[in-house]
Amino acid sequence: AYAEPYVVDDFGRWPAMLLAYQAGKVSEEDLLRQANSPGRHAEARFQMAVLASGGNPAAARRHWREVVDQGPPALIEYGAAGNELARLGS
C-alpha cells in the first residue's frame with residue numbers, strides 16, 4: 001500500500017509524522033523509524049493503538065502495553081494507555 005516513502009511536509013517534524021500516520025500517508029514502520037526517543041516511540045505506539053482499536057483489539061492492546069511498559073510515565077499517552085488497558089481488562 002506504500003509504494004514509495006511519503007515525504008512529510010514541514011521537514012519531517014515529529015507532530016507532522018503523527019498526523020501523516022493518522023491520515024494513512026505513512027506506514028507503521030516509517031512512523032517508528034522516525035520515533036527517535038522513548039517519548040516519541042510511546043506517542044507513535046499510542047497512535048497505532050488508537051487506529052487498531054476499531055478493527056484489531058489485540059494489536060491495540062499490544063501497542064498500549066508497550067507504551068505502559070516502556071514509555072516515560074510523564075507522558076499523557078502513558079496514563080491514557082494504562083486507562084485503555086484497564087478498561088479492556090488487560
Side-chain angles (χ1 to χ4, degrees):
Y2 303 99
E4 58 186 65
Y6 178 75
V7 177
V8 176
D9 292 336
D10 208 13
F11 303 103
R13 288 188 169 170
W14 180 244
M17 286 298 294
L18 291 174
L19 295 172
Y21 174 72
Q22 286 288 336
K25 297 190 182 262
V26 296
S27 67
E28 288 183 354
E29 293 80 17
D30 290 335
L31 181 63
L32 290 173
R33 226 182 336 272
Q34 294 296 320
N36 59 4
S37 71
R40 287 182 176 183
H41 189 84
E43 290 169 342
R45 288 286 178 186
F46 186 85
Q47 293 303 317
M48 291 162 64
V50 168
L51 282 185
S53 65
N56 190 344
R61 280 187 191 94
R62 281 193 309 275
H63 293 309
W64 280 319
R65 172 61 49 207
E66 188 167 336
V67 173
V68 170
D69 290 346
Q70 299 178 14
L75 286 180
I76 192 148
E77 289 85 356
Y78 179 92
N83 287 339
E84 288 299 319
L85 290 170
R87 184 180 66 80
L88 297 171
S90 298

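Keep in mind that the numbers below use all heavy atoms, side chains included, and drop hydrogens, waters and symmetry copies. Numbers here simply count residues along the sequence, with the first being 1.
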For a quick test of reading the model, state the closest non-hydrogen atom pair linking [X] to [Y] and the distance between them.
X: Met17; Y: Val26; value: O-CG2, 3.9 Å
X: Pro72; Y: Ala42; value: CD-CB, 4.2 Å
X: Ala52; Y: Ala59; value: CB-CB, 4.1 Å
X: Arg61; Y: Leu85; value: O-CD2, 3.8 Å
X: Gly82; Y: Val68; value: N-CG2, 3.5 Å
X: Ser53; Y: Trp64; value: CB-CH2, 3.8 Å

Query raised in the report: Distance from Leu51 atom CG to His63 atom NE2, nearest 0.5 Å?
Result: 9.0 Å
Query raised in the report: Quick one: CG on Leu19 to CH2 on Trp14, what's the gap to the nearest 0.5 Å?
Result: 10.5 Å
Report task. Applying side-chain contact (heavy atoms from CB on, under 4.5 Å) between Asn36 and each of Gln34, Arg33, Arg40, report the one that passes. Result -> Arg40
Does the side chain of [X] reach to within under 4.5 Å of the side chain of [Y], using non-hydrogen atoms?
X: Glu66; Y: Met48; value: no
X: Val67; Y: Glu43; value: no
X: Leu75; Y: Phe46; value: no
X: Arg62; Y: Arg65; value: no

Query raised in the report: If Ile, Leu, Val, Met, Phe, Trp and Tyr residues are connected whenever their side-chain heavy atoms lie under 4.5 Å apart, and connections chain through other members, are Leu32 and Tyr21 in the same group?
Result: yes
